[in-house]
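These numbers come from the heavy atoms of this one structure, side chains and all, not from hydrogens, waters or symmetry mates. In what follows, every chain begins at residue 1, and chains take the letters A, B, ... in the order their sequences are listed.
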Amino acid sequence: MNTYNHKKIEKKWQEIWEKTKLYQVDLEKAEKPFYNLMMFPYPSGEYLHVGHGYSYTGADVYGRYMRLQGMSVFEPIGYDSFGLPAENYAIKAGVHPDISIAKNIEIAREQLKSFGCMFDFEKEVVTSDPSYYKWTQWVFLKLYEQGLAYQKESPVNWCPNCKTVLANEQVIAGKCERCEAEVIQKKLKQWFFKITEYAERLIKDLDQVDWPESSKIKQKNWIGKSLGVEFEMAIVDHKEKIGVFTTRVDTVYGMTYVVIAPEHPLVEAITVKEQKKAVEKYQNETQRLAEIERQSTEKEKTGVFTGSYAINPFTNKKIPIWIADYVIYSYGTGAVMAVPAHDERDYEFAKKFDLEIITSIVPKNKQKAKGVFVEKGVLVDSEAFTGLTSDEAINKMADWLKVKKIGGSKITYRLRDWSFSRQRYWGAPIPIIYCPQCGTVPVSEENLPVELPKIENFRPTGLGEGPLASVETFASTTCPRCGSLAKRETDTMDTFVDSSFYYMRYLNVGDDREIMNKKITQKWLPVNMYIGGAEHVTMHLLYARFVAKAFYDAKIVNFPEPFLKLRHQGMILGPDGKKMSKSKGNVIIPGEVIKAAGADAFRTYILFMGQFEDGGPWNPNGLSGIVRFLEKLWRLFDQEIVNAEPNIEVERIINKTIKKVGQDIADFKFNTAISALMILVNFLGDRKIQSQRDLEALAIMVSPFVPHLAEELWEKIGHLESVFEASWPTFDNALIQDTILTIAVQINGKVRDQILITPGSSQDEVMKLARESEKVNKYLANSTIIKKIYIEDKLLSLLTDNQKCRSFPSKVQ
RNA sequence: GCCCGGGUGGCGGAAUUGGUAUACGCGACGGACUUAAAAUCCGUUGGUGGUGACAUCUUGCGGGUUCGAGUCCCGCCUCGGGCACCA
């Protein structure tokens, strides 16, 4: 008798899979296409995280199950190799990213292979490869053609010490991640995608997709749709008008001042001579503050009076105009009507600067005020609107503003346009040429890719422009339109542009002429199942949806939503229950576990730990239970094998397990699927003799979790083809039905006995059986049954007039 | 502050539409096998009381609805995640 040798088995089957190209799908001919996508890794160095192993094995179990269901499953993988993590790793290691990336991809690929997933490694994408980023640039051109890419001066994070622009991800608590200097805001010309134009559709189309509800909510909150009213206010002695946006126009009679953002263009025009100095000083101070610090709610309110006054169109009263940094320029109109009586922030400000506070809303009759500020209520001291409820007033006031032609209803979103230019080296160059004659000229498609030059000094320059700007051979070019000397754009693209379309590219790897093949794309897209971390909900997943929609509008693709189903894996924590990190020394490396116990054990254990979407702490002890289970499974196939002779008990558990495991995998409840398999294996193990047919069903059922072991067992019972060429066993519902059921008998709400019944028995039949129970009779003694409740095949509940049996002393009192 | 999601044995965790709470696994304890250990197998394992059959309590806390609540409702506590002066 051989013992289970995971090393030998796993090596053997991985080689066979590779040789037979088992996991390669004919994209053109596949009849039942199923695109099983998972978020590709950043090969930023060292090891893949245990989180990758978790995500990929869960996704792979699902993919293998779909394959056994008869689908042609396409399960590609690639490397998100451009971007800051890769570049920072290269800087730290002192190697050119080109070299470190190549090495890291090789390491990552070996690790990915060790997980034993159905990856088709011949369809890999590498985003930093010119054959890939040619299409990243093409995506840019298509968005540019649609008017969805534009340039604008915008404040960016600037580290005064490193003298460089930083991405948001590099700003940690307002400080530079490297030198810890305070990051400030600096205005630079940046490229943006007009994602805000799609805000409404990005919300609405979430109805079409099967995503976790919490992720939909997260995206909706991020987009932040807000229904309100916008209106203009005249300024005393000025032609200009101030526009304000508010969701609470019903409080307008309580407006006692106006606040505009310090960087608002109106500030200069309306500031009076005497206030000029103070205003400019304040503007400079604000600019120096990091956005993070500026937006801190803990910060005390600051601001300066402009010296001018606005007119409240409802009251015609004169009110002062202030500037303050608690108003955000990029949201709404960058100016607000301040109602200190009904807004906490305005209240704080008014208190500090001694401004008037006027109440214009009182609570409805019974409504409780939350703190000092009433929610919506009834209007007071509001002339014609007095007595209306807040909601009525909001509608009437909007109408009134519309009639007056100074405003009306307005929808505002919190979402900002996507700033995607980076003053960094390791990214796809933006394919734009600046010509002194023709202006901004996009590089034509046939001249793509604009290759990233291999340069020695790829570090950030600190001049507010990328390292490419100082590469003369790159930056200088000729205008494709008029031929005169011109300059290239030297910023590169955000790595989220790379990942916004990679799922399209997997389907056409190797084709240099088109981003996608129409026929294949129509067959395979949108993606059927997408699996990855929830941390990408408001970034990658939003960007990818936006790009798909832009492509849909440009008729490049025929679907508005790229990912029909989405599931997230939870986070695996260290054995100490804390987030894994090198400094805490609690990092679990999947490779070590695989080496010790095998990929099959790793896969099964990590999925057995708990619910896939929950994650949880890694328990170093639990693995042994899985190893035992696999060894038991192995031993089953060494027992005497006979041809199936029907045994109802065995039939029943086999059929039950087929049903349960299939359903559980489809629902991503891997832990309970494994539990059901354990129960079956324990049951069969006790029988000593196995039937060929049962072992076949078992081998198929365990195969998604333990693909290598399953192949070996499948071979052992006489099969020459892969177990993954087989089909998921069918179950017979009739065989699942138990012939005898145990149900509970409750008396006055307490379970008093259990009785055996035939399924489908009537209440009278069950009652008769209950009467035969000694215990039941004991509790029914000296009392009359006043009510019977029978839930078929579940329980019988009896109530008596004698409540003495009831043990609720509190109720008796 | 706002928005999500949790809180069940010593531990990871199970529990269809409200219907026998603690499946499965780990650990622990006892036993078999062994010169011994490992491995394997068998048994016990929520708390309290009792030799015992049994009784009684138990799903973060406090109320409620119900014949019946881990599950539904109200009010809290607490942990994790996201957003954060968004008017």
Side-chain angles (χ1 to χ4, degrees), chain A residues 3 212-222 224 226 228-229 244-249 251 259 292 294-299 301 324-328 330-339 342-346 348-349 371 412-416 534-535 537-538 570-571 573 577 579 604-605 608-611 613-626 628-629 631-632 635 663 669 671-679 682 685-686 742-755 775 786-800 806-807:
Chain A
T3 48
E213 203 49 40
S214 59
S215 299
K216 289 188 183 182
I217 291 170
K218 226 189 246 180
Q219 278 206 353
K220 282 182 194 165
N221 288 346
W222 182 263
S226 194
V229 162
V244 294
F245 172 76
T246 179
T247 54
R248 292 297 306 277
V249 71
T251 64
V259 191
I292 289 159
R294 172 176 162 181
Q295 290 184 351
S296 158
T297 36
E298 265 121 75
K299 194 182 142 247
K301 295 270 179 297
D325 65 6
Y326 79 90
V327 171
I328 295 158
S330 52
Y331 181 77
T333 59
V336 302
M337 58 173 235
V339 186
H342 303 300
D343 182 280
E344 206 170 340
R345 297 150 303 181
D346 297 340
E348 264 178 55
F349 192 81
T412 301
Y413 301 92
R414 304 167 72 142
L415 185 70
R416 311 288 155 82
E535 68 273 18
V537 166
T538 53
M571 199 191 293
L573 306 169
K579 232 181 201 176
T604 312
Y605 177 58
F608 184 62
M609 278 186 351
Q611 280 208 359
E613 308 222 341
D614 287 350
W618 177 270
N619 179 352
N621 303 322
L623 192 62
S624 56
I626 295 298
R628 270 176 221 160
F629 164 60
E631 282 167 352
K632 262 188 233 172
R635 272 184 258 124
Q663 255 171 16
K669 291 162 138 187
N671 52 339
T672 49
I674 294 165
S675 158
L677 289 167
M678 286 173 167
I679 292 169
N682 288 341
D686 290 341
T742 310
I743 67 157
V745 181
Q746 289 186 353
I747 295 162
N748 292 328
K750 292 200 145 273
V751 177
R752 292 304 183 184
D753 199 13
Q754 295 168 357
I755 58 172
K775 284 184 196 168
I786 52 173
K787 198 171 175 188
K788 296 178 205 165
I789 297 155
Y790 178 58
I791 309 297
E792 194 178 294
D793 298 348
K794 295 269 183 201
L795 58 61
L796 177 69
S797 182
L798 303 173
L799 299 182
T800 71
R806 246 187 145 162
S807 57

### Atom pair distance, as rounded to whole Å: CG in A:N748 and P in B:C67
12 Å

### Message
In whole Å, I'd like the distance from the CZ atom of A:R752 to the P atom of B:C54.
### Response
12 Å

### Query
A:R414 has a side chain; which of B:C83, B:C85, B:G12 sits nearest to it?
B:C83

### Query
Taking only residues two or more places apart in sequence, or in another chain, which ones meet A:M571 in a side-chain contact (heavy atoms from CB on, under 4.5 Å)?
A:L573, A:K579

#### Entry: side-chain contact (heavy atoms from CB on, under 4.5 Å) against A:Q611, all qualifying residues, sequence neighbours excluded
A:D614, A:N671

### Task
Grab the CG-P distance between A:L415 and B:G82 for me, whole Å please.
19 Å

### Query
If you measure from the P atom in B:G30 to the same atom in B:G68, how many Å do you get, rounded?
44 Å

### Message
Categorize A:K579 for me: base, sugar-phosphate, or nothing, with a 4.0 angstrom heavy-atom threshold over every strand shown.
### Response
nothing

### Message
Over all strands shown, is A:Q611 touching base, sugar-phosphate only, or nothing at heavy-atom distances under 4.0 angstrom?
### Response
sugar-phosphate

### Query
Got a sec, which residues hit side chain to side chain donor-acceptor pair (under 3.5 Å) with A:K632, two or more places apart in sequence or on another chain?
A:N682

### A:L573 CG - B:G81 C1' separation (whole Å)
12 Å

### Task
Using the C1' atoms only, state how far B:A14 lies from B:U8, rounded to an integer number of Å.
10 Å

## Note on the structure
With the side chain defined as heavy atoms from C-beta on, A:R635 is closest, among B:A87, B:C83, B:C41, to B:C41

### Query
What's the closest nucleotide to the A:I789 side chain, out of B:C67, B:C85, B:G82?
B:C67

### Task
Using the P atom as the reference point in each nucleotide, state the distance between B:G47 and B:U22 in Å, no decimals.
14 Å

### Between C1' of B:G80 and NZ of A:K218, the distance in whole Å
11 Å

### Query
Separation of A:E213 atom CD from B:G81 atom C1', in whole Å?
17 Å

### Query
When the P atoms of B:C54 and B:G63 are considered, how many whole Å apart are they?
31 Å

### Task
List for me each residue that meets side chain to side chain donor-acceptor pair (under 3.5 Å) alongside A:T672, sequence neighbours excluded, and say none if there are none.
A:D664

### Query
Are A:W222 and A:Y413 near enough that their ring centres are under 6.0 Å apart?
no

### Partner set under side chain to side chain donor-acceptor pair (under 3.5 Å) for A:Y790, not counting sequence neighbours
none

### Query
With rounding to whole Å, what would you report as the distance between B:A69 and B:U17 at their C1' atoms?
14 Å

### Separation of B:G81 C1' from A:M571 CE (nearest whole Å)
8 Å

Could you pull out every donor-acceptor pair under 3.5 Å between side chains of residues 214-221 of chain A and any protein atom, sequence neighbours left out?
unit_1	atom_1	unit_2	atom_2	d
A:S215	OG	A:H568	NE2	2.6
A:K216	NZ	A:L206	O	3.0
A:K216	NZ	A:V209	O	2.9
A:Q219	OE1	A:R545	NH1	2.6
A:Q219	NE2	A:V537	O	2.9

### Task
Find the distance A:Q663:CD to B:A15:P and express it as a whole number of Å.
12 Å

### Task
Would you classify A:N221 as touching base, sugar-phosphate or nothing, given that sugar-phosphate means primed atoms plus P, OP1 and OP2, and contacts are heavy atoms under 4.0 Å?
sugar-phosphate

#### Entry: Side-chain N,O (A:Q219) to OP1/OP2 (B:G82) below 4.0 Å
no

### Message
Tell me if a side-chain donor or acceptor on A:D343 pairs with a main-chain N or O of A:A338 at a distance below 3.5 Å.
### Response
no

### Message
Can you list everything that forms a side chain to side chain donor-acceptor pair (under 3.5 Å) with A:D753? Sequence neighbours excluded, please.
### Response
A:S773

### Query
How far does the C1' atom of B:A32 sit from the matching atom of B:A38, given to the nearest Å?
16 Å

### Query
Are A:K220 and B:C3 close enough that a side-chain N or O sits under 4.0 Å from OP1 or OP2?
no

### Task
Grab the two heavy atoms, one from A:S330 and one from A:R416, that are nearest each other, plus how far apart they are.
OG-NH1, 2.8 Å

### Query
Does B:G5 sit syn or anti, given that only angles within 90° of 0 count as syn?
anti

### Summary
Stem ranges of RNA chain B by first residue number, counting only runs of at least 3 Watson-Crick or G-U pairs under 3.5 Å, come to B:1-7 with B:77-83, B:10-12 with B:24-26, B:27-32 with B:40-45, B:46-49 with B:54-57, B:60-64 with B:72-76

### Message
Each nucleotide in nucleotides 20-26 of chain B should get exactly one letter: B, S or -. Can you fill that in based on protein heavy atoms under 4.0 Å?
### Response
B--BBSS

### Query
Between A:V339 and A:D346, what is the shortest heavy-atom contact and its length?
N-OD2, 2.9 Å

Anything under 3.5 Å between a protein N or O and an N or O of nucleotides 5-10 of chain B, put it in a table, one pair a line.
none

#### Entry: Gap separating the CD1 atom of A:I743 from the CG atom of A:L796, nearest 0.5 angstrom
6.0 Å

#### Entry: Short side-chain N/O contact from A:Y331 to OP1 or OP2 of B:A87, under 4.0 Å
yes

### Task
Kindly point out which of B:U56, B:C85, B:A15 is positioned nearest to the side chain of A:K301?
B:C85

### Query
Can you tell me how far P in B:A23 sits from the matching atom in B:G13, rounded to whole Å?
15 Å

### Task
List for me each residue that meets side-chain contact (heavy atoms from CB on, under 4.5 Å) alongside A:S624, sequence neighbours excluded, and say none if there are none.
A:R628

### Query
Pick the nucleotide of RNA chain B nearest each of A:S226 and A:T538; which residue has the one closer to the 5' end?
A:T538

### Task
Specify the residue among A:G332 and A:W222 whose closest nucleotide of RNA chain B lies further upstream toward the 5′ end.
A:W222

### Non-neighbouring partners of A:F349 that pass ring-ring contact (aromatic ring centres under 6.0 Å, His included), sequence neighbours left out
A:Y257, A:W322, A:Y326, A:F353

### Summary
With the side chain defined as heavy atoms from C-beta on, A:K787 is closest, among B:A87, B:C67, B:C83, to B:C67

### Task
Considering only atom P, compute the distance from B:C61 to B:G70 and round it to an integer number of Å.
12 Å

### Task
Could you check which of B:A87, B:U40, B:G19 has an atom nearest any side-chain atom of A:I791?
B:G19

